[in-house]
Amino acid sequence: MAYHTIILEIADSVALLTLNRPDKLNAVVGAMHEELREALTSVESEARALIITGAGRGFCAGQDLSERRFAETDRPNLGRGLESNYNPLIRRLRALPMPVIAAVNGVAAGAGMSLALAADIVLAARSATFIQAFAKLGLVPDAGSSYWLPRLVGPARAMALAMLAEPLPAEKAETWGLIWKCVDDDALMDEAGKMARHLASQSTHGLALIKRAMNASFDNSLDSQLDLERDLQRVAGWSEDYREGVAAFLEKRPANFHGR
Ligand code: LHQ
């Protein structure tokens with residue numbers, strides 16, 4: 001498939017997916033969802049780590065609002081777009097059996113902020129901002145934002161971010177624990193690339209299981225989480241990667257993992 005709204009590059013087991021509508025701050029259109037679905041299928045079969053970033057000065061300005069102009073008598077069903085496009089995308093990223101890094105190069109607004117938060121590790125350029133733009137349109141945080149925000153920054157900050165829709169600078173996002181780290185603008189892609197290459201060389205089989213454990217933890221009791229850890233560890237213990245990790249430790253050499 002030829003891509004028009006994204007760029008997908010895969011090298012050395014690392015996929016770099018760039019949202020590519022820079023004139024519109026990479027706002028999401030229907031075609032982008034289609035292309036993302038196709039791209040993630042290639043990523044799943046060819047890569048062991050994924051970086052998502054944006055072309056130009058923005059990361060992603062959320063839903064392209066020019067696709068949402070309505071006549072006065074229309075009763076648009078926004079739930080449908082979430083059900084068919086955004087929700088499957090967020091679920092797919094969370095379930096992708098490899099680390100997903102968001103390299104937030106500029107503003108991440110609305111569903112663009114949700115997309116960033118769906119990554120496993122969020123790196124941001126120091127100049128980037130995060131905006132819960134939904135309230136400005138009379139909408140509610142979607143694509144996972146109302147799930148992540150209270151869990152990551154606590155209910156007080158989550159509510160104010162959602163209601164005030166003020167830009168949150170990357171440095172504050174880091175201090176609040178919303179993201180992993182902010183870095184100097186010109187270091188962002190180097191850092192993201194270094195991190196992705198490192199992760200892709202690790203036990204990606206084990207990292208995928210870590211994702212499953214962490215994703216389930218918010219909704220589990222301690223008892224259920226202990227049961228899940230037992231089950232996932234059993235699976236981890238059957239992997240080639242585990243055997244290799246132990247052998248490498250005992251032989252005092254670097255491990256050579258294949259993600260199996
Ligand atoms: C845009 C957009 C945009 C189109 C910038 N659309 N063109 C909603 C509905 C349905 C179901 C699914 O869920 C959702 C979820 C959502 O995502 S709702 C939230 C949608 N996003 C927003 O409300 C953000 C709107 N954008 C902004 O507030 C500003 O553009 C921000 C604060 C992101 C950046 O401001 P500036 O740096 O001042 O840039 P700008 O406003 O000048 O934008 C540059 C261009 O990008 C401009 O186009 P133009 O042709 O005039 O140069 C904007 O119109 C365009 N653009 N966001 N979402």
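Numbering of ligands and ligand atoms starts at 1, following listing order.
Of the protein's non-hydrogen atoms, the one nearest atom 45 (C) of ligand 1 is D23 O, 3.3 Å. The closest protein non-hydrogen atom to atom 10 (C) of ligand 1 is R68 NH1, 2.9 Å. In this structure, the protein non-hydrogen atom closest to atom 8 (C) of ligand 1 is Q63 CB, 3.6 Å. Distance from atom 41 (O) of ligand 1 to its nearest protein heavy atom, with residue and atom name: L25 CD1, 4.9 Å. Nearest to atom 38 (O) of ligand 1 among the protein's heavy atoms is R57 NH2, 4.6 Å. Looking at atom 6 (N) of ligand 1, its nearest protein heavy atom turns out to be L65 N, 2.9 Å. Of all protein heavy atoms, the one lying nearest to atom 19 (C) of ligand 1 is L137 CD1, 3.7 Å.
Under the 4.0 angstrom criterion for non-hydrogen atoms, K136 is not in contact with ligand 1.
A donor atom on one side chain and an acceptor atom on the other are found under 3.5 Å apart for Q63 and Y86.
Residue contacts with ligand 1: Y86 is placed with no nitrogen or oxygen under 3.5 Å of a nitrogen or oxygen of the ligand (distance criterion only). For a threshold of 3.5 Å applied to N or O pairs, the pair formed by A61 and ligand 1 contains at least one separation below that value. An N or O contact shorter than 3.5 Å links D142 to ligand 1 by distance.
Under the 4.0 Å criterion applied to side-chain N and carboxylate O atoms, D185 and R57 are not assigned as salt-bridge partners. Using a 4.0 Å cut-off between charged side-chain N and carboxylate O, K211 and D120 make a salt bridge.
No more than 12 heavy-atom neighbours from other residues, nucleotides or ligands sit within 6.0 angstrom of CD on Q233. The neighbour count for R212 CZ, taken as heavy atoms of other residues, nucleotides or ligands under 6.0 Å away, does not exceed 12.
Inter-residue side-chain proximity for V140 and S146 is flagged as unmet; no heavy-atom pair is nearer than 4.5 Å. Side-chain contact between L149 and M113: present, with at least one pair of heavy atoms (C-beta onward) separated by less than 4.5 Å. L36 is listed as a side-chain neighbour of L17, based on a closest heavy-atom distance under 4.5 Å. The shortest side-chain heavy-atom distance between N220 and L228 falls under the 4.5 Å cut-off. The closest side-chain heavy-atom distance from W176 to L161 is below 4.5 Å. Considering only heavy atoms from C-beta on, E174 stays 4.5 Å or farther from V183 through its side chain. P99 places none of its side-chain heavy atoms less than 4.5 Å from the side chain of I121. Looking at M32 and D64, their side chains never come closer than 4.5 Å, going by heavy atoms from C-beta outward.
In this structure, atom 54 (O) of ligand 1 has no protein heavy-atom contact shorter than 4.0 Å. Put simply, atom 49 (P) of ligand 1 has protein non-hydrogen atoms near it, under 4.0 Å away. Protein non-hydrogen atoms do reach within 4.0 Å of atom 13 (O) of ligand 1. Distance remark: protein heavy atom present below 4.0 angstrom from atom 21 (N) of ligand 1. Protein heavy atoms are absent from the space less than 4.0 angstrom from atom 29 (C) of ligand 1.
Distances below 4.0 Å separate heavy atoms of I131 from the following atoms of ligand 1: 32 (C). Near L139, meaning under 4.0 Å from one of its heavy atoms, ligand 1 places the atoms 8 (C), 9 (C). Interface of L78 with ligand 1, defined as ligand atoms under 4.0 Å from a residue heavy atom, comprises 10 (C). Set against the non-hydrogen atoms of F134, the atoms of ligand 1 under 4.0 Å away are 15 (C), 16 (C), 18 (S). Residue D64 approaches ligand 1 through these ligand atoms, each under 4.0 Å from one of its heavy atoms: 4 (C), 6 (N). Set against the non-hydrogen atoms of G62, the atoms of ligand 1 under 4.0 Å away are 17 (O).
Looking at N87, V107, N77 and measuring to atom 33 (C) of ligand 1, the nearest heavy atom belongs to V107. Distances from atom 7 (N) of ligand 1 to the heavy atoms of K24, R21, E83 show the closest one on K24.
Side-chain atoms of N215 come within 3.5 Å of backbone N or O of R94 as a donor-acceptor pair.
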